[in-house]
Amino acid sequence: MQPVPRPRDNPLRVNAAVTRLSCPPLPWLDGPVDATQWQERIASEFTGLGQREFVIVSEPEPSAPEPTGFLARLRSAASRSAPSRWGQVLCEDEVLYAEFVGTQHIGGTWEASAEQHEALRAAGWLTPDETDPIAPAPAVPHYWRTVPRSEAALVASLLVDAFRILGADFSTLTLKRDK
């Protein structure tokens, strides 16, 4: 009889606190990934996107240095993670709702220059205080945009432009689907 693997030895262990399913980083591409390949990949994901399904594109979350000293133990684990760049798209009733990490210019957590903020706006992203004829603005400090599903290529372009503007390394991005 084989011993039961300890949780840390089991690569298929399940964490009950995690509710999202995560896919491995894009195994279909070898080597660095460029913006054009990412745009095509994101657009292709929208083709099979069902009702109330998400596509999430993100970079790995960097770990913040472990706090030291007397007050370190009072900080929660959530407050220790450093911000990362991400974008997500929800499909509902033939509409794609896109969000991208907010910069400090709109109350978000990502540090960006005024030029980067303006470039995101010029690319087509809306800020939380702007209106859109399709849907109301989100109640969170993220850049956002809603478009009919038939304009999925526009959303893919917006996401890729946002990652490019904020200086993300395309070879480190991951794509997940979530319900």
Side-chain angles (χ1 to χ4, degrees), residues 17-61 81 83-110 112 115-179:
V18 176
T19 57
R20 281 190 229 172
L21 296 175
S22 124
C23 299
L26 304 174
W28 50 273
L29 289 171
D30 292 326
V33 180
D34 68 18
T36 303
Q37 290 170 317
W38 262 107
Q39 189 166 339
E40 291 168 359
R41 175 66 174 139
I42 294 167
S44 74
E45 283 293 321
F46 295 151
T47 305
L49 201 59
Q51 283 291 91
R52 308 254 340 128
E53 269 192 311
F54 285 90
V55 168
I56 303 161
V57 180
S58 62
E59 62 185 353
E61 292 187 23
S81 65
S84 63
R85 292 164 281 210
W86 57 267
Q88 66 181 3
V89 179
L90 167 69
C91 177
E92 188 168 345
D93 298 328
E94 294 304 308
V95 175
L96 297 175
Y97 298 87
E99 289 183 336
F100 194 79
V101 65
T103 65
Q104 80 277 15
H105 298 280
I106 60 171
T109 58
W110 188 259
E115 293 80 18
Q116 288 172 315
H117 169 71
E118 290 306 320
L120 288 166
R121 302 281 299 108
W125 287 100
L126 301 173
T127 60
D129 61 345
E130 293 182 281
T131 59
D132 180 302
I134 298 176
V140 291
H142 301 149
Y143 293 97
W144 69 287
R145 185 75 185 265
T146 57
V147 299
R149 188 177 185 142
S150 61
E151 296 179 32
L154 172 62
V155 174
S157 175
L158 283 168
L159 287 171
V160 168
D161 284 346
F163 281 110
R164 181 186 48 76
I165 290 165
L166 293 183
D169 178 355
F170 285 97
S171 68
T172 65
L173 297 180
T174 61
L175 186 145
K176 301 176 196 174
R177 289 187 70 160
D178 193 7
K179 276 193 172 195

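Note: hydrogens, waters and symmetry copies are ignored here, and every other heavy atom, side chains too, is used. Note that the coordinates shown come from a computational prediction; the quantities given were computed from them, not determined experimentally. Along the sequence shown, the residues carry numbers beginning at 1.
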So which atom in W144 and which in P136 form the shortest heavy-atom distance, rounded to 0.1 Å? CZ3-O, 3.8 Å
Do W38 and R164 touch side chain to side chain, with heavy atoms closer than 4.5 Å? no
Would you say the side-chain atoms of W125 pair up with the backbone N or O of L158, donor to acceptor, closer than 3.5 Å? yes
Here the gap from T103 atom OG1 to W110 atom CH2, rounded to the nearest 0.5 Å, amounts to 11.0 Å
Value rounded to 0.5 Å, distance of CD1 in I56 from CG in L159: 11.5 Å
Do the side chains of L120 and Q116 get nearer than 4.5 Å, heavy atoms only? no
Rounded distance (nearest 0.5 Å) linking atom CG of L175 with atom CZ of R41: 5.5 Å
Between CZ on residue F46 and CD on residue E53, distance to nearest 0.5 Å: 12.0 Å
For side chain to side chain contact (heavy atoms under 4.5 Å, CB included), just list the numbers for E99 and V140, CA-CA rounded to whole Å, side-chain angles, deciding distance to a tenth of an Å, and then say yes or no. CA-CA 10 Å; E99 289 183 336; V140 291; 4.0 Å; yes
So which of E130, H117, R121 actually passes side chain to side chain donor-acceptor pair (under 3.5 Å) with Y143? H117
Ignoring hydrogens, what is the shortest heavy-atom contact between S157 and Q39? Give both atom names and the distance. CB-NE2, 3.4 Å
Smallest separation among heavy atoms of C91 and G50, with atom names: CB-O, 3.7 Å
Do any N or O atoms from the side chain of E118 and from the backbone of E115 form a donor-acceptor pair under 3.5 angstrom? no
Nearest 0.5 Å, please: how far is CD in Q51 from CD in E94? 6.5 Å
Quick one: does any side-chain atom of E59 pair with a main-chain N or O of T172 as donor and acceptor, under 3.5 Å? no
To the nearest 0.5 Å, what is the distance between CD on E151 and OG1 on T146? 10.0 Å
Does the side chain of V101 come within less than 4.5 Å of W86's, by heavy atoms? yes
Below 30° counts as parallel, above 60° as perpendicular, anything between as tilted: where do the rings of F163 and F100 land? perpendicular
Would you say that Q88 contacts D178 through its side chain, given a criterion of any heavy-atom pair below 4.5 Å between the two side chains? no
Tell me, do V155 and R145 make a side-chain contact under 4.5 Å, heavy atoms counted? no
Only one of L49, L154, I134 passes side-chain contact (heavy atoms from CB on, under 4.5 Å) with L96, and that residue is L49
Heavy-atom check, side chain of V57 versus side chain of V160, under 4.5 Å: no
Of all the heavy-atom pairs spanning A43 and A156, show the shortest one and how long it is. N-CB, 3.8 Å
Heavy-atom closest pair, residues P128 and P141: CG-CA, 3.8 Å
